Amino acid sequence: MGVSMATARTWVERWERQQERYAVDREERFTVIADIVEHVVVGRADPLLLDLGCGPGSLAARLAARFPHAEIVAADMDPVLLELGRTHHADAARYVDTVIGADGWTDLLRLDRPLDAAVSTTALHYLTEPVLLRTYRALASLLRPGGVLVNGDHFPPDAAACSELTAHVGRRRSERSGSHACEDWLSWWDAADRAPELTDLLDERRRRHALHGGRGGDQRIAVGRHAALLRRAGFAHVAPVWQFGDSTVLVAVMGGADGLSSSAGTRGR
């Protein structure tokens with residue numbers, strides 16, 4: 001069910017363009033996530049990073065370019081996107097086929113040491129609250145003391161009355177940047193469905209969605225509720241570090257002596 005390098009490049013490039021339609025300041029968000037990882041892994045020769053819901057490797061590829069000595073594990077359940085990533089961004093990560101939040105999903109990662117950071121962008125919002133809590137607990141068990149979970153996504157504010165306001169601000173920013181004119185998510189998949197080289201992968205994708213019930217859609221869990229779930233899961237500290245509209249980068253830090261404070265102190269001198 002493999003694809004050619006030329007086919008993978010074409011579809012990944014189209015994926016990148018259509019994703020700009022949805023993620024406000026997408027490249028800035030990627031850069032902020034990498035900045036956080038940089039702070040956490042300073043002084044580590046071979047950091048271990050996990051990209052959750054990696055898709056075709058967009059974030060993994062940017063992290064690999066920024067941290068060439070890092071070991072990156074990229075996890076997703078979508079056979080189409082995984083194959084595109086394995087082909088187009090082959091050297092960026094070790095791609096793992098697993099259903100995030102399902103029983104035993106972390107066993108398939110085959111990690112041989114604790115993670116320094118787990119990162120995700122616009123990938124976990126479809127998890128229901130019980131599955132999200134279970135996923136956060138699993139990640140807490142995989143991270144070293146001082147390690148971080150960094151999640152960039154659209155989080156509605158805690159005050160429901162403000163949710164339309166923050167979403168509107170994000171939409172207007174997207175319109176000014178011109179990204180609203182890009183191909184949308186449904187159009188991308190409709191076009192992919194007509195691509196002969198992707199037929200077998202798409203058949204497998206449909207089979208898996210039928211088996212697992214597909215994605216449940218955006219659960220619209222507020223940022224404060226995410227923070228509460230992360231603390232319940234065992235994270236010591238949670239804070240948003242970047243936001244525009246409802247597009248937010250949320251960071252959760254594991255407790256322990258080997259934390260952010262030690263590296264922050266040396267950098268501040």
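Here the structure is a predicted model, which means the values were calculated and not measured.
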TODO: Take His154 and His125 through the test side chain to side chain contact (heavy atoms under 4.5 Å, CB included) and record every step on the way to the result.
DONE: CA-CA 8 Å; His154 293 90; His125 53 253; over 6 Å; no

Would you call [X] and [Y] a side-chain contact if the rule is heavy atoms closer than 4.5 Å?
X: Asp35; Y: Val241; answer: no
X: Leu250; Y: Leu230; answer: yes
X: Tyr95; Y: His89; answer: yes
X: Glu71; Y: Arg113; answer: yes
X: Val99; Y: Trp105; answer: no
X: Val40; Y: Val150; answer: no
X: Trp242; Y: Glu28; answer: yes
X: Met254; Y: Phe235; answer: yes

Using the rule that Ile, Leu, Val, Met, Phe, Trp and Tyr join whenever any side-chain heavy atoms are under 4.5 Å apart, tell me whether [X] and [Y] fall into a single cluster.
X: Leu149; Y: Leu111; answer: yes
X: Phe30; Y: Val148; answer: yes
X: Leu186; Y: Trp188; answer: yes
X: Ile33; Y: Ile72; answer: yes
X: Leu108; Y: Leu127; answer: yes

Open item on the list: Does this structure show an ion pair linking Arg206 with Asp193, if we count only N-O contacts that are shorter than 4.0 Å?
Closed with: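 Here Arg206 pairs with Asp193 in a salt bridge, since their nearest N and O are under 4.0 Å apart.
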
Open item on the list: Can a side-chain donor-acceptor contact be found between His226 and Tyr136 if the only test is distance below 3.5 angstrom?
Closed with: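 There is such a pair between these side chains.
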
Donor-acceptor contact present, side-chain [X] to main-chain [Y], <3.5 Å:
X: Glu204; Y: Pro79; answer: no
X: Asp116; Y: Val41; answer: no
X: Arg94; Y: Leu109; answer: yes

When rounded to the nearest 0.5 angstrom, what is the spacing between [atom1] in [X] and [atom2] in [Y]?
X: Asp78; Y: Arg208; atom1: CG; atom2: CZ; value: 8.0 Å
X: Leu115; Y: Leu49; atom1: CG; atom2: CG; value: 8.0 Å
X: His88; Y: Glu83; atom1: NE2; atom2: CD; value: 13.5 Å
X: Asp153; Y: Thr121; atom1: CG; atom2: OG1; value: 6.5 Å
X: Thr31; Y: Ile36; atom1: OG1; atom2: CD1; value: 11.0 Å
X: Trp11; Y: Leu198; atom1: CH2; atom2: CG; value: 6.5 Å

- [ ] Please check if atom CZ in Arg110 has more than 12 non-hydrogen atoms from other residues, nucleotides or ligands closer than 6.0 Å.
- [x]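 Result for CZ/Arg110: open.
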
TODO: Pick out which of Arg134, Arg225, Arg220 makes a salt bridge (charged side-chain N to carboxylate O under 4.0 Å, His left out) with Glu129.
DONE: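 Output: one option passes, namely Arg225.
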
Taking all atoms of both residues into account, what is the closest heavy-atom pair of [X] and [Y], and its distance?
X: Thr248; Y: Pro240; result: CG2-CB, 3.8 Å
X: Ala252; Y: Val238; result: CB-CG2, 4.1 Å
X: Thr122; Y: Gln19; result: OG1-OE1, 4.0 Å
X: Leu139; Y: Leu52; result: CD1-CD1, 3.6 Å
X: Ala138; Y: Thr106; result: CB-CG2, 3.9 Å
X: Thr98; Y: Ala75; result: CG2-CB, 3.8 Å

Report, one line per pair, each donor and acceptor closer than 3.5 Å where one atom sits in a side chain of residues 53-62; sequence neighbours left out.
| unit_1 | atom_1 | unit_2 | atom_2 | d |
| --- | --- | --- | --- | --- |
| Ser58 | OG | Glu16 | OE2 | 2.7 |
| Ser58 | OG | Arg26 | NH2 | 3.3 |
| Arg62 | NE | Glu27 | OE1 | 3.2 |
| Arg62 | NE | Glu27 | OE2 | 3.2 |
| Arg62 | NH1 | Ser58 | O | 2.8 |
| Arg62 | NH2 | Glu16 | OE1 | 3.0 |
| Arg62 | NH2 | Glu27 | OE2 | 2.6 |

TODO: Only one of Gln18, Arg14, Arg17 passes side chain to side chain donor-acceptor pair (under 3.5 Å) with Glu183; say which it is.
DONE: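 For Glu183, the side chain to side chain donor-acceptor pair (under 3.5 Å) test succeeds with only one of Gln18, Arg14, Arg17, which is Arg14.
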
TODO: Given side chain to side chain contact (heavy atoms under 4.5 Å, CB included), test His69 with Asp46 step by step and report yes or no.
DONE: CA-CA 6 Å; His69 300 297; Asp46 56 345; 5.6 Å; no

Open item on the list: For Arg137 and Leu133: C-alpha separation, side-chain torsions, deciding distance, then whether side chain to side chain contact (heavy atoms under 4.5 Å, CB included) applies.
Closed with: CA-CA 6 Å; Arg137 282 175 170 156; Leu133 176 58; 3.8 Å; yes

Open item on the list: Less than 6.0 angstrom from the centroid, inside 45 degrees of the normal: does Arg205 satisfy that with respect to the ring of Trp189?
Closed with: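 So Arg205 does make the cation-pi contact.
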
Open item on the list: One pair to check against side chain to side chain contact (heavy atoms under 4.5 Å, CB included): Trp15 and Leu84. What are the steps and the verdict?
Closed with: CA-CA 10 Å; Trp15 177 269; Leu84 293 178; over 6 Å; no

